Amino acid sequence: MYKIVITGGAGFAGSHIVDAACAKYPASRIVVLDKMTYAGDVRNIAHHLYSGRVELLVGDVADLDCCRRAVKDASLVIHAAAESHVDNSFGNSLEFTRTNVLGTHSLMEACRQERVPRILHVSTDEVYGEVLSGAAGEGDVLCPTNPYSSSKAAAEMILRGYIQSYQEPILIIRANNLYGTRQFPEKIIPRFICHLLTGRRLPLHGDGSNRRHYLSTSDFARAVLFVAEHGETGQTYNIGTSEEYTNLQMAELIANYFGREVGELVDFVSDRPFNDARYSISWSKLQALGWRPQNSLRNDIGMLVEWYVGNLSRYGELFGDAELLQIPHELLHKFAVDKDLAAAEVG
Ligand SMILES: NC(=O)c1ccc[n+]([C@@H]2O[C@H](COP(=O)([O-])OP(=O)(O)OC[C@H]3O[C@@H](n4cnc5c(N)ncnc54)[C@H](O)[C@@H]3O)[C@@H](O)[C@H]2O)c1
């Protein structure tokens, strides 16, 4: 039987990869290796665990023995485990290096020792650093600017050594920011939704002008499996979308969904020590193979809000003292942004 290992599979992006892999490879055995940090949640994959479809191995990717046990006899390893929140990386950068660099190295060494025939490493568009105009291609120089993106770039350098020296069958993907259900509300979209659901205001870094592209987790997970199947060993593939928002426009999109004016809700707060003004990648290489994004945040915002309404209790430690606001029923069920807002060109 085909065994697929997904590290970080109990996290946000990883759990969507698990969903996609379960659907696409019904005869495969799927193993999640996850340390279950604050960002990992067993509820993200509970349905697969109950059905016996997925096995959860709680362990650390920085532990070589644990990695070897996990990847033994695997046909495919997808490495999505990471410390992922840029804000945390400023205060705790060593943990980011430990998990993202040493963890990636340990996992690759385990894959080498266990002769895993295909490995897909999940990286990020942030490794390119700021791209003020145009779009970064896969061959561009990596120029990370914060401890998180530096650790992701460092991990990629280790992978390059494994590709060149050991001919390890590694593929790398670099994705835009992701949106979707199950994202821990430290990141902008779930944070703003949860803030509005609990009657809080919206804290915006700096002047709110930093721009990001947002790709849906279903497009992302489809791309991950597509690259794992059709990508060329040793190659890197950008995974992106053209849907771009400034942080202020994102606040506006979400506030308007709740029928509120952004101006009455936003607090401008002190910025990160360094905050890339914009990320932008070209995904023409992947498009040439046949993948393209299909979803849009504008259409999915209703689905996202509804998910956080149903799952707000998960984040009790963050929002426990606030009460869920009464949201008009019709707002929860319209599943699309206001027509006026949809008509406004953003980005
Ligand atoms: N979220 C995004 O917008 C985005 C965009 C591009 C790339 N990525 C990349 O996708 C991957 C997943 O990101 P995410 O947003 O789902 O992250 P997340 O923080 O939501 O989840 C990370 C998962 O990794 C697990 N983990 C952390 N340290 C671990 C360790 N030492 N050993 C084993 N498991 C560990 C956590 O428990 C959690 O389940 C990361 O590699 C990230 O760099 C994310």
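For ligands, and for the atoms within them, numbers begin at 1 and follow the listed sequence. Small disclaimer: the values here were computed from a predicted structure and weren't measured.
- Remark: Arg191 pairs with His195, Pro203 by the side-chain contact (heavy atoms from CB on, under 4.5 Å) rule, at least two apart or across chains.
- Under the salt bridge (charged side-chain N to carboxylate O under 4.0 Å, His left out) criterion, Glu232 pairs with no residue, sequence neighbours left out.
- Under the 6.0 Å cut-off for aromatic ring centres, Tyr38 and Phe184 qualify, their centroids lying closer than that.
- Between His79 and Ile6, the closest side-chain pair of non-hydrogen atoms is not below 4.5 Å.
- Not counting sequence neighbours, the partners of Glu261 by the side-chain contact (heavy atoms from CB on, under 4.5 Å) test are Glu264.
- Within 4.0 Å of ligand 1, protein heavy atoms come from Gly8, Ala10, Gly11, Phe12, Ala13, Asp34, Lys35, Met36, Thr37, Ala39, Gly40, Gly59, Asp60, Val61, Ala80, Ala81, Ala82, Ser84, Thr99, Val122, Ser123, Thr124, Tyr148, Lys152, Ala175, Asn176, Asn177, Leu178, Lys187.
- In this structure, Arg182 forms no cation-pi arrangement with Phe12, as its terminal cationic atom is not both closer than 6.0 Å to the ring centre and no more than 45° off the ring axis.
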